[in-house]
Number of protein chains: 2
Amino acid sequence: MKNPSTVIVNRISIEKSDFVVLPGGYVNQNEDVEAAMERIVSESTGLEKILFKQFAVFGGANRSFGNNLVHHKVFKTASEKAMLKWLSKRFVSICYLALVDYSKIKLKPTQFMDTAAWLPINQVKKLAMDHADIVKSAHDSLLKEMPYAPIASNLLPARFTLPELQALVESILNRTIDRPNFRRKILSTGMIAKVGVDSSNKRRPADLYSFKHGRNTSLIDEYKFGF
Amino acid sequence: MKNPSTVIVNRISIEKSDFVVLPGGYVNQNEDVEAAMERIVSESTGLEKILFKQFAVFGGANRSFGNNLVHHKVFKTASEKAMLKWLSKRFVSICYLALVDYSKIKLKPTQFMDTAAWLPINQVKKLAMDHADIVKSAHDSLLKEMPYAPIASNLLPARFTLPELQALVESILNRTIDRPNFRRKILSTGMIAKVGVDSSNKRRPADLYSFKHGRNTSLIDEYKFGF
DNA sequence: TTTTTTTGAGTCAATATGACTCAAAATTAA
DNA sequence: TTAATTTTGAGTCATATTGACTCAAAAAAA
């Protein structure tokens with residue numbers, strides 16, 4: 001991973017007001033909350049059937065983009081007025097996260113959002129409302145979830161090498177890992193199985209692995225804490 | 001803990017239809033989601049300022065108590081008709097859990113709920129809609145959160161003995177723990193500090209401890225997984 | 001006074017971890 | 001063609017942690 005610390009953002013422009021926000025949208029009356037999330041993600045990224053985690057709900061009474069708006073501005077077009085009304089609502093955000101390979105994604109604007117782009121995670125302070133807090137919360141949750149769930153599997157092909165897996169984990173944990181120790185631990189869990197050899201270019205051929213279907217992917221001995 | 005595996009439930013009776021449900025209610029337009037939860041909990045239990053965890057959102061498009069209703073029944077009173085309308089809505093539930101000492105709680109009925117009672121966890125199948133799934137989800141989340149967060153602190157007095165803490169953890173994990181090993185691990189984390197001696201009845205006096213304020217209460221070395 | 005119960009402290013083998021070295025397989029350079 | 005370089009797989013070893021114990025101290029009960 002060259003630079004995995006990047007999030008998808010949308011830009012909304014009204015008059016002189018400019019918002020950079022995380023992708024989001026409404027849940028329809030007769031729609032699963034999860035289906036709504038998948039619809040919105042699909043609209044913006046084309047991604048389907050990837051692994052998400054619902055990590056937080058932001059439900060403060062005063063959560064609105066109205067505070068970011070310049071209220072005395074004149075909003076001319078009907079579209080702008082509708083957008084203004086939308087932005088002034090009180091939002092309850094049910095937040096999901098997913099890890100994806102951004103090199104394989106073609107971002108598109110959506111119904112409510114003008115442009116879509118990748119924002120380096122060290123620039124999240126530019127985000128409107130409390131969206132920087134949401135990113136922070138997502139990252140915390142991701143680290144906490146790491147030892148249990150293979151959310152990272154969105155980032156790996158069906159067959160991958162141990163060095164590939166290690167590079168991924170290193171980028172999530174943001175630290176280097178001793179290669180022999182990583183290999184020892186991962187293999188000892190039995191969560192992956194050798195399925196072939198990487199015959200591609202590079203140097204010495206690496207063994208190819210796959211996650212064992214339906215198998216426990218926990219990195220820590222569940223519910224054991226040293227007692 | 002004699003029998004900690006118990007949840008609070010409300011019973012709703014309309015005509016011959018009978019629902020046993022988890023406590024719940026609406027979020028008002030200008031109310032924090034969290035404040036609403038606290039209000040509902042307070043109404044039903046009188047509990048204030050306890051530690052909660054928001055663990056899941058249940059948002060299926062067909063989540064309604066309408067499916068549990070006998071539709072051809074005649075609902076006579078205005079109250080019953082209002083209740084019927086309420087029960088037939090599509091619900092999105094933002095779910096919170098807390099661990100409490102049920103021996104100290106006096107349950108009260110609320111605006112929407114007729115009676116309040118404790119239901120042993122092995123009888124959750126009696127719950128209406130998907131509330132049994134919610135309880136299951138809460139338990140899973142609780143176990144996953146165990147090594148990190150002191151949600152259990154609701155169950156302990158400000159000053160407690162190590163055997164008391166151990167009994168609590170044993171009841172949550174539903175297994176016995178070796179006493180010397182538990183003591184060694186807990187003390188090695190430095191999350192609690194000795195604050196006195198238990199001079200009460202019983203046998204040999206036990207040391208009293210308190211959680212160190214603002215201290216990390218993680219039982220596992222964060223973000224270390226054997227590599 | 002003796003026994004029983006409960007709590008605090010310690011031992012020790014087995015296991016897991018952290019920090020390494022070394023060799024094999026392929027590419028690249030000489 | 002050979003040597004150096006890079007990447008991957010395998011192994012070593014001291015240290016730290018864990019799991020299963022024993023033992024003694026303090027208080028109540030016999």
Side-chain angles (χ1 to χ4, degrees), chain A residues 1-2 146-148 156-157 159-171 173-210 216-227, chain B residues 1-2 146-148 156-157 159-171 173-210 216-227:
Chain A
M1 311 293 297
K2 288 168 202 165
M146 248 291 296
Y148 296 104
L156 290 171
R159 297 146 60 89
F160 53 88
T161 69
L162 267 178
E164 282 171 351
L165 177 60
Q166 177 174 346
L168 173 59
V169 173
E170 283 183 339
S171 76
L173 296 180
N174 195 33
R175 65 175 170 91
T176 59
I177 300 171
D178 180 85
R179 187 164 46 80
N181 292 345
F182 180 80
R183 171 182 303 274
R184 175 178 59 192
K185 181 67 178 186
I186 295 290
L187 291 179
S188 74
T189 64
M191 66 172 68
I192 62 175
K194 191 190 284 192
V195 292
V197 175
D198 177 29
S199 56
S200 70
N201 42 12
K202 304 174 193 171
R203 307 284 177 170
R204 172 176 175 177
D207 293 337
L208 284 172
Y209 293 87
S210 282
N216 176 16
T217 53
S218 179
L219 277 175
I220 62 178
D221 236 343
E222 228 148 347
Y223 318 142
K224 290 184 183 175
F225 318 109
F227 52 73
Chain B
M1 311 294 294
K2 290 170 199 165
M146 249 291 296
Y148 297 102
L156 290 171
R159 297 146 61 89
F160 53 88
T161 69
L162 266 178
E164 282 172 352
L165 178 59
Q166 177 174 347
L168 173 59
V169 173
E170 283 182 341
S171 75
L173 296 179
N174 195 32
R175 66 174 170 91
T176 58
I177 300 171
D178 180 88
R179 186 164 47 81
N181 292 344
F182 180 79
R183 172 182 302 273
R184 174 177 61 192
K185 181 67 179 186
I186 295 292
L187 291 179
S188 74
T189 65
M191 66 173 68
I192 61 176
K194 191 191 284 193
V195 291
V197 175
D198 177 28
S199 56
S200 69
N201 40 13
K202 301 175 193 169
R203 309 282 177 169
R204 172 176 177 176
D207 293 338
L208 284 172
Y209 293 88
S210 281
N216 176 17
T217 53
S218 179
L219 277 174
I220 61 177
D221 236 343
E222 228 148 348
Y223 318 142
K224 289 185 183 175
F225 319 107
F227 52 72

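So you know, we letter chains A, B, ... as the sequences are listed, proteins then strands, and number each from 1. Treat the numbers as computed from the prediction; the structure is a model and nothing was measured.
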message = Rounded to the nearest 0.5 Å, what separates atom CG in A/Leu208 from atom CG in A/Leu162?
response =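 Reported value, rounded in 0.5 Å steps: 10.0 Å.
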task = Measure the spacing between CG of B/Leu168 and CG of B/Leu173 and express it to the nearest 0.5 Å.
result =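 Output value for this atom pair is 9.0 Å.
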Check the distance between [N]'s [atom2] and [X]'s [atom1] and give it to me in whole angstrom.
{"X": "A/Arg183", "N": "C/dC20", "atom1": "CZ", "atom2": "P", "answer": "19 Å"}
{"X": "B/Phe182", "N": "D/dT17", "atom1": "CZ", "atom2": "P", "answer": "18 Å"}
{"X": "B/Lys194", "N": "C/dG8", "atom1": "NZ", "atom2": "C1'", "answer": "9 Å"}
{"X": "A/Arg179", "N": "C/dT17", "atom1": "CZ", "atom2": "P", "answer": "19 Å"}
{"X": "A/Leu187", "N": "D/dG11", "atom1": "CG", "atom2": "C1'", "answer": "14 Å"}
{"X": "B/Gln166", "N": "C/dG8", "atom1": "CD", "atom2": "P", "answer": "10 Å"}
{"X": "A/Glu164", "N": "D/dT7", "atom1": "CD", "atom2": "P", "answer": "14 Å"}
{"X": "B/Asp207", "N": "D/dA26", "atom1": "CG", "atom2": "P", "answer": "12 Å"}

query = Can you tell me if CG on B/Asn174 sees more than 12 non-hydrogen neighbours from other groups inside 6.0 Å?
reply =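 No - once you tally the heavy atoms of other residues, nucleotides and ligands closer than 6.0 Å, there are 12 at most.
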request  = Indicate whether OP1 or OP2 belonging to D/dT18 is found under 4.0 Å from a side-chain N or O atom of B/Lys185.
outcome  =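 Yes, within the criterion.
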request  = Kindly indicate whether the side chain of B/Asp207, heavy atoms from C-beta on, has any atom under 4.5 Å from the side chain of B/Thr161.
outcome  =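 Not touching, per the 4.5 Å side-chain cut-off.
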inquiry  = Is there a side-chain contact between A/Val169 and B/Phe227 in this structure, where contact means two heavy atoms from C-beta onward sitting under 4.5 Å apart?
reply    =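 Counting from C-beta outward, A/Val169 and B/Phe227 do come under 4.5 Å.
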key: 5′-ward residue of the pair B/Pro205/B/Arg184 relative to DNA chain D   =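 This one resolves to B/Arg184.
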query = Between A/Arg203 and A/Asn181, who's closer to the 5' end of DNA chain D by nearest nucleotide?
reply =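 That would be A/Arg203.
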Considering only side-chain heavy atoms of [X], which listed nucleotide, [options], is closest?
{"X": "A/Arg204", "options": "C/dT7, C/dG10, D/dG9", "value": "D/dG9"}
{"X": "B/Asp178", "options": "D/dA20, D/dG9, C/dG8", "value": "D/dA20"}
{"X": "A/Ala206", "options": "D/dG9, D/dT18, C/dG8", "value": "D/dG9"}

